[in-house]
Amino acid sequence: MSPESKADKHARALEILRRLEGAYPGADCALHWKDPFQLLVATILSAQTSDEQVNKITPDLFRRYPNPAALAAASQAEVEGAIRSIGLFRNKAKNLRLMSAQLCEEFGGEVPQTMEQLTALAGVARKTANVLLGTAFGIPSGIVVDTHVHRLAIRMGLCKRTERYPEKVEKELMPLFPQDRWVFVGHALILHGRQVCIARAPQCDTCPLSDVCPKRI
DNA sequence: ATCCCGAGGG
DNA sequence: CCCTCTGGAT
């Protein structure tokens, strides 16, 4: 099979975007949150965990710890107990407490709005920072590459099939889509990955993107 | 490259 | 049983 040209790949990416806009017009963050601090906490919790599992525990968590000062003051055991059901709970509890203390000490209890400041927080790397910048602050600084976006980018032939690093996948995806659609692309691909292009059993027969997908799985 | 880790689905 | 889930730190 001859390799796809850059122009063809770009045109196909824009058609994929059109299909996503048609299939998931209201695609949005599935995590429940009311302010940037809550979104930051929920996103840290969401690592290797389904959003439903996170949404089950955050109402009680946000009631107990409504702000960074409250979460920074909580004990490790207390926080672990509140988030145990989602897995990776020791690391997440430690990061939540450290991150909250950083917000209090360095940013007056507010969530910062730059990539550099966000990624300096405990438990926050580029993916989580992109979620905050794009979804909480309306600043499209990149494309969220989580486990779904990573898998779909490979299946759709939008990045190298052997690419293992999310940041490199993101750099391949960004020039393929208009910057003002980057946030939507992340939300829509995650939704599509959960509902149709499922990890174990992709539903190719009912997929609205089937004819613009190389299907190299 | 490895570790963290419980819940849900097949 | 096995695989997967809106990753990040060491």
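Because the structure is a prediction, the values reported are computed rather than measured. Scope of the values below: all heavy atoms of this structure, side chains included, with no hydrogens, waters or symmetry mates. Throughout, protein chains are lettered first and strands after them, A, B, ... in sequence-line order, and every chain is numbered starting at 1.
For A:Gln203 and A:Thr206, the side-chain atoms include no donor-acceptor pair closer than 3.5 Å.
Looking at heavy atoms from C-beta onward, A:Lys6 lies out of side-chain contact with A:Lys9 at the 4.5 angstrom threshold. For the pair A:Tyr65 and A:Ser100, the minimum side-chain heavy-atom distance is 4.5 Å or more.
Comment: A:Asp211 engages A:Arg19 in a salt bridge, judged by a side-chain N to carboxylate O separation of less than 4.0 angstrom.
Contact annotation: A:Arg164 side-chain N/O to B:dA1 OP1/OP2 distance is under 4.0 Å. For A:Lys92 and B:dC3, the shortest distance from a side-chain N or O to OP1 or OP2 is not below 4.0 Å.
Every pair passing side chain to side chain donor-acceptor pair (under 3.5 Å) that includes a residue from residues 120-143 of chain A is listed here, sequence neighbours excluded: A:Arg126-A:Glu170, A:Asn130-A:Ser141, A:Asn130-A:Glu170, A:Thr135-A:His187. Applying the salt bridge (charged side-chain N to carboxylate O under 4.0 Å, His left out) test to every pair with at least one member in residues 100-125 of chain A, sequence neighbours left out, gives no pairs at all.
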Per-nucleotide protein contact string for nucleotides 4-10 of chain C, where B marks a base within reach and S marks sugar-phosphate only (heavy atoms under 4.0 Å, - for neither): SBBBSS-
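Residues meeting the salt bridge (Lys or Arg N to Asp or Glu O under 4.0 Å) test with A:Arg12, sequence neighbours left out: A:Glu4. With sequence neighbours left out, the salt bridge (Lys or Arg N to Asp or Glu O under 4.0 Å) criterion links A:Glu167 to no other residue.
Near DNA chain C, meaning a heavy atom under 4.0 Å away, there are no residues from residues 64-86 of chain A.
C:dA9 and B:dA7 have their P atoms separated by 24 Å, with the value rounded to a whole Å. With P as the reference atom, B:dG10 and C:dT6 are 15 Å apart, rounded to whole Å.
Distance A:Ile57 CD1 to B:dG6 P: 13 Å, rounded to the nearest Å.
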